[in-house]
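Given the structure is predicted, the values throughout are model-derived calculations rather than measurements. Below, chains carry the letters A, B, ... as their sequence lines are ordered, and counting in each starts from 1.
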Amino acid sequence: MSGAQDPADSPLAIQGLTVSYGERLALLGVDFVTPPGQLSAIVGPNGAGKSTLLKAALGIQPRVAGDLLVRGRPLPRPPRHIAYVPQRSSIDWDFPATALDVVLMGLYGGLRWWQPTRHRHRHWARECLARVGMEAFAERQIGRLSGGQQQRIFLARALAQEAELLLLDEPFAGVDAATERAIVELFRTFKAQGGSVLCVHHDLATLGDYFDHLLLLDVEVVADGPVAEAFTAANLQQAYGGRLTAAQLARLLPVSEASRP
Amino acid sequence: MMEAWLAALTFSAGYNTRLVTLGSLLLGAAAGMVGSHVLLRKRALISDAVSHATLPGLAAAFILIALMQGDGRWLPGLLLGAAASAALGLVAVQAMSRHTRLGEDSAIGAVLSVFFGLGVVLLTVIQAMPVGGQAGLSGYLVGATAGMLASEAWLIGGMALGLLVALIILHRPLLLLCFDPEHAWTQGVHLQRADAWLLGLLLAVTVVGLRITGLILIVALTIIPPVTARFWTDRPHALVMIAAATGALAGYLGVTLSSVHPRLPTGALVVLAAFVLFLVSLLAAPRRGLLARLIDRYRFVQRVHCRQGLLALARDEAIFDPTTLRILHRLGHIRRDGLATAQGRAAARDAHHEERLWTYYRHAYPEEAARLGTHRLDPISRLLPPDLIDELERRLPPEKPHE
């Protein structure tokens with residue numbers, strides 16, 4: 001079921017992670033080694049703890065127990081080699097900032113207070129905007145952008161950080177097809193350059209096309225492995241509590257898979 | 001009176017007045033900067049709790065100092081007392097909102113009134129005490145720079161300068177915190193510490209401003225400048241800078257005006273100056289002020305008529321609306337007799353094509369189109385990224401011929 005991944009190579013290895021909100025368990029004993037240089041998806045029903053996993057991995061969400069490792073060493077605070085793209089809904093879009101301002105914020109972590117934002121920073125920020133197709137919108141106020149455009153801006157901000165691991169929370173939710181294609185293209189380029197992606201994904205139908213590795217989560221780990229191995233009817237039924245009908249399974253999986261017990 | 005004011009404005013009305021004016025300039029800038037971050041962090045109401053919670057500490061410190069030296073007016077001690085009780089008030093608000101079911105605004109209201117009430121009680125106790133300096137206490141409520149000592153002005157000016165330096169050092173972490181706290185964490189901003197710094201700076205600005213604007217009105221000096229600045233810019237750094245400049249200007253104008261006569265209430269004049277600046281910005285700011293918006297509205301109506309007129313031309317429909325006809329004629333799209341010119345036909349073709357693109361976009365991505373709805377009449381190349389426009393062009397269904 002689980003590939004024996006070596007934490008020594010992984011940009012993010014999670015061991016025994018347990019998170020609770022008060023008395024409610026969000027994650028229990030989660031072990032996951034992010035495969036380096038691959039596109040991995042976290043999939044599960046509502047309340048499975050997918051967003052919580054990302055936040056706890058970054059230290060945003062305090063955890064009850066668990067270790068976080070980068071190539072075998074403890075995760076530094078803040079983890080500068082990881083770029084985080086949160087869910088779009090958590091942002092106040094009335095904030096006075098242009099698209100360029102938001103991308104520049106991705107560089108702040110590396111700047112000391114006496115270092116002003118130089119021309120080369122702005123130039124790099126514009127390049128990141130260009131890589132997501134938004135260079136024409138650099139001076140646009142973020143509140144005046146559509147959902148897909150806002151998602152691209154967030155991606156540009158993550159790219160500006162020159163991280164080796166991208167952590168994304170449902171980046172494809174509510175975006176237009178062109179943006180979806182742009183994001184997938186970006187993932188592929190990122191992977192070709194040696195980066196890794198770990199992404200909470202909401203759409204089972206596109207899982208096999210976009211990702212190499214799958215983590216099926218429902219408070220605990222249900223399945224963890226390459227998509228070809230882990231994406232089975234049995235695992236899906238277990239994760240989604242038997243809520244998926246045979247018809248839905250048939251649509252999601254290749255025919256031979258769906259008929260497998 | 002005008003001569004006296006002009007003398008104060010040009011820093012030639014005496015050493016004390018110069019110092020006080022400089023101090024209030026710095027205080028106004030610091031208040032504007034802190035207020036911007038507090039406003040962006042959406043915690044503007046807490047400034048009120050902080051300022052009202054200074055009163056009991058202020059009064060208690062006065063009593064202590066008066067008992068020790070006969071006259072309660074020793075600024076450092078009074079400011080320390082004010083800071084201590086304001087800090088206690090902040091802790092009370094945090095504790096109440098975290099450990100009870102009260103929201104933060106209820107906690108603020110409770111703390112604000114209880115602390116202020118306690119302070120008022122202590123004030124009456126002070127009035128009954130056989131010590132000196134009680135009359136000056138009302139100056140801490142509404143601000144009174146008349147009779148301020150040079151040493152006091154130095155203290156206030158120095159503290160305000162220190163605050164400005166701290167704000168400049170912290171400006172990036174605070175900005176990250178205000179916009180996206182989770183992302184801020186990944187950039188190394190410790191959220192609780194940054195929040196604590198922000199509140200601490202707010203507390204410091206409140207305490208420093210006690211003598212100049214008084215505790216009741218310092219809130220206004222932290223809130224009005226950033227709101228004013230919002231009319232001039234959409235960018236976060238510019239907002240903070242303009243708020244600082246507005247606050248400084250308000251402090252400068254208010255204090256110099258109040259120096260003309262010893263009984264003029266400084267705080268009220270500073271706040272009124274800030275309000276005048278706000279009003280001017282509201283009306284006259286380019287693009288975001290009222291006047292600019294009215295002009296934009298007028299232009300928008302023109303564009304609607306033009307667009308609809310061009311679409312009618314493209315479809316060979318008759319135009320009946322006189323306003324539309326007038327506008328099209330003025331733009332050179334139609335001749336006097338209502339026939340389209342070459343320019344008009346070209347413009348009509350463009351408008352028709354854009355309309356088809358937009359209709360298809362709305363059909364394919366209804367949520368996105370709804371979001372951009374208010375900019376419906378902007379050229380589509382300004383609204384959507386180029387690759388999306390390419391895709392729309394490719395997938396555009398063939399035009400149905402007219403019946």
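- Interface summary for chain A: among B:Ile168, B:Leu239, B:Asp390, B:Thr186, the most heavy-atom pairs under 4.5 angstrom belong to B:Thr186.
- Taking OG of A:Ser51 as the reference point, atom CG of A:Leu167 lies at 10.5 Å (rounded to 0.5 Å).
- Highest contact tally toward chain B, considering only A:Ala136, A:Ala182, A:Gly133, A:Gly59, is held by A:Gly59 [criterion: heavy-atom pairs under 4.5 Å].
- Ranked by heavy-atom pairs shorter than 4.5 Å toward chain B, the options A:Arg140, A:Gln61, A:Arg80 are led by A:Arg140.
- A:Asp176 and A:Thr179 share a donor-acceptor pair across their side chains, judged by distance under 3.5 Å alone.
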Result block: side-chain N/O donor-acceptor pairs under 3.5 angstrom for residues 283-297 of chain B, not counting sequence neighbours:
residue: B:Arg288; atom: NE; partner: B:Asp234; partner atom: OD1; Å: 3.4
residue: B:Arg288; atom: NH1; partner: B:Phe231; partner atom: O; Å: 3.2
residue: B:Arg288; atom: NH1; partner: B:Trp232; partner atom: O; Å: 3.4
residue: B:Arg288; atom: NH2; partner: B:Asp234; partner atom: OD2; Å: 3.2

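- Interface remark: of the candidates A:Gln161, A:Arg157, A:Met105, A:Arg157 forms the most heavy-atom pairs closer than 4.5 Å to chain B.
- Under a 4.0 Å N-O distance rule, the pair A:Arg181/B:Asp387 does not qualify as a salt bridge.
- Note: A:Phe187 and A:Phe172 have perpendicular aromatic rings, judged against thresholds of 30 and 60 degrees for the angle between ring planes.
- Heavy-atom pairs under 4.5 Å with chain B were tallied for A:Gly109, A:Ala97, A:Pro96; the largest tally goes to A:Pro96.
- When each of A:Gly106, A:Pro76, A:Ala83 is checked for heavy-atom pairs under 4.5 Å with chain B, A:Gly106 comes out on top.
- Note: A:Asp101 CG to B:Arg235 CZ = 4.0 Å, rounded to the nearest 0.5 Å.
- Contact of A:Val102 with chain B is made through the side chain alone, with heavy-atom distances under 4.5 Å.
- For B:Glu391, the part sitting under 4.5 Å from any heavy atom of chain A is the side chain, from C-beta outward, and nothing else.
- Residue contact with chain A, scored on non-hydrogen atoms closer than 4.5 Å, involves the backbone and the side chain of B:Leu388 alike.
- Pairs of residues two or more places apart, or lying in two chains, that qualify as ring pair (Phe, Tyr, Trp, His ring centres under 6.0 Å) and include a residue from residues 175-204 of chain B are A:Phe95-B:Phe179, B:Trp185-B:His190.
- For A:Phe137, the part lying near chain B is the side chain, with the backbone staying farther off; criterion is any non-hydrogen pair under 4.5 Å.
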